[in-house]
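Small disclaimer: the values here were computed from a predicted structure and weren't measured. Here is how names work: the chains are called A, B, and so on, in the same order as the sequence lines, proteins then strands, and each is numbered from 1.
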Amino acid sequence: NAGVTQTPKFRVLKTGQSMTLLCAQDMNHEYMYWYRQDPGMGLRLIHYSVGEGTTAKGEVPDGYNVSRLKKQNFLLGLESAAPSQTSVYFCASSYLGSNSPLHFGNGTRLTVT
Amino acid sequence: DQQVKQNSPSLSVQEGRISILNCDYTNSMFDYFLWYKKYPAEGPTFLISISSIKDKNEDGRFTVFLNKSAKHLSLHIVPSQPGDSAVYFCAAASNTGKLIFGQGTTLQVKP
């Protein structure tokens with residue numbers, strides 16, 4: 001059981017470039033989440049999904065898009081990266097939603113120059 | 001508009017003593033609360049949770065207290081151990097499926 005796997009682990013982008021962060025879980029969880037962690041700001045919810053084919057906005061969705069075409073995968077896209085999107089991104093999944101513990105990946109460190 | 005707040009960025013305690021981490025929330029729709037622990041270069045891991053129908057939940061050295069009228073919860077670690085040194089996040093959930101985190105408190109337990 002790999003749990004929640006995030007790829008890549010590190011990435012450096014130039015302003016205006018695009019990229020996709022991939023999250024995969026092998027626990028058959030319905031719910032998946034994308035968070036960003038910034039100093040002094042804690043973990044802020046970007047987007048989440050309550051099941052295959054569904055997505056919803058979190059606290060800080062602007063500048064990001066997501067897709068959940070398969071139950072096990074949750075993709076986070078940056079269409080035109082900005083320096084303000086420099087952060088550590090965490091993906092998480094859970095079986096019963098927010099009323100059950102989330103399982104987190106180890107994060108993707110993204111730097112936008 | 002921070003719905004979940006951890007007002008102490010850091011806390012330092014001596015090994016063997018009690019660590020108390022605090023968390024406040026503003027949204028009365030939150031009905032489930034969790035604490036997560038995070039080590040550097042790793043994702044957060046679940047520690048303990050409490051439903052709004054309870055005011056206390058205990059798991060070994062960890063106890064979470066919930067005061068709904070004050071919209072306040074706290075995590076007690078007794079006795080504290082050096083391995084407990086980490087960042088602790090509280091989180092709150094409602095029936096929308098969202099889980100909102102606080103800013104985190106860095107705990108240092110000195111040997």
Side-chain angles (χ1 to χ4, degrees), chain A residues 2-7 9-10 21 23-25 27 29-51 54-61 66 68 74 87-109, chain B residues 1-10 21-27 29-54 57 59 62 64 66 86-107:
Chain A
V4 178
T5 303
Q6 292 183 232
T7 52
K9 290 184 170 53
F10 303 94
L21 281 67
C23 177
Q25 54 94 4
M27 296 172 283
H29 284 171
E30 290 291 337
Y31 294 74
M32 296 188 76
Y33 303 80
W34 276 107
Y35 288 89
R36 59 179 288 176
Q37 184 191 10
D38 303 289
M41 303 295 288
L43 291 159
R44 291 182 293 170
L45 181 63
I46 305 171
H47 286 281
Y48 64 107
S49 168
V50 302
T54 74
T55 63
K57 293 181 180 180
E59 302 169 270
V60 289
V66 286
R68 183 95 182 272
F74 196 28
S87 187
V88 180
Y89 292 84
F90 288 99
C91 176
S93 70
S94 74
Y95 183 62
L96 293 174
S98 54
N99 281 20
S100 62
L102 268 60
H103 298 258
F104 281 86
N106 283 333
T108 295
R109 183 174 293 277
Chain B
D1 180 21
Q2 193 84 18
Q3 296 185 65
V4 180
K5 295 182 182 180
Q6 294 175 257
N7 292 318
S8 297
S10 62
L21 295 93
N22 293 302
C23 180
D24 298 294
Y25 62 96
T26 57
N27 190 339
M29 297 302 293
F30 289 141
D31 57 5
Y32 193 71
F33 304 89
L34 307 93
W35 285 93
Y36 286 80
K37 178 178 178 179
K38 185 183 180 305
Y39 292 117
E42 294 182 9
T45 55
F46 169 72
L47 195 56
I48 192 169
S49 63
I50 188 167
S51 165
S52 61
I53 62 174
K54 294 185 175 181
N57 189 26
D59 184 2
F62 303 92
V64 56
L66 176 63
V87 179
Y88 289 79
F89 291 99
C90 69
S94 62
N95 60 8
T96 62
K98 291 183 184 180
L99 186 63
I100 305 298
F101 283 80
Q103 305 97 310
T105 297
T106 300
L107 173 65

So B/L99 and A/Y35, side-chain contact (heavy atoms from CB on, under 4.5 Å) or not? Walk me through it.
CA-CA 10 Å; B/L99 186 63; A/Y35 288 89; 3.3 Å; yes

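Residues A/P101 and B/F46 come closest through the heavy atom pair CB-CG, 3.5 Å. Taking both residues in full, the closest heavy atoms of A/L43 and B/P44 are given as CD1-CG, 3.9 Å, listed atom of the first, atom of the second, then distance. A pairwise comparison of heavy atoms in B/K98 and A/K57 identifies CE-O, 3.6 Å as the closest pair.
Here the OG1 atom belonging to B/T45 is positioned 10.5 Å from the NE2 atom belonging to A/H103, to the nearest 0.5 angstrom. Between the CD atom of A/Q37 and the NZ atom of B/K38 there is a distance of 5.0 Å, given to the nearest 0.5 Å.
Although no hydrogens or angles enter the test, the distance criterion places no donor-acceptor pair under 3.5 Å between the side chain of A/N106 and the main chain of B/E42. Of the possible donor and acceptor atoms, one in the side chain of B/Y36 sits under 3.5 Å from a partner among the backbone N and O of A/L102.
For B/N95, no part sits under 4.5 Å from any heavy atom of chain A, backbone or side chain. Heavy atoms of B/A41 lying under 4.5 Å from chain A belong exclusively to its backbone. Using a 4.5 Å cut-off between heavy atoms, B/S94 contacts chain A through its backbone alone, with no side-chain atom that close. For A/S49, no part lies under 4.5 angstrom from a heavy atom of chain B.
The number of heavy atoms from other shown groups lying within 6.0 Å of CZ (A/R109) does not exceed 12. Within a 6.0 Å radius of OH in A/Y95, no more than 12 heavy atoms belonging to other residues, nucleotides or ligands are found.
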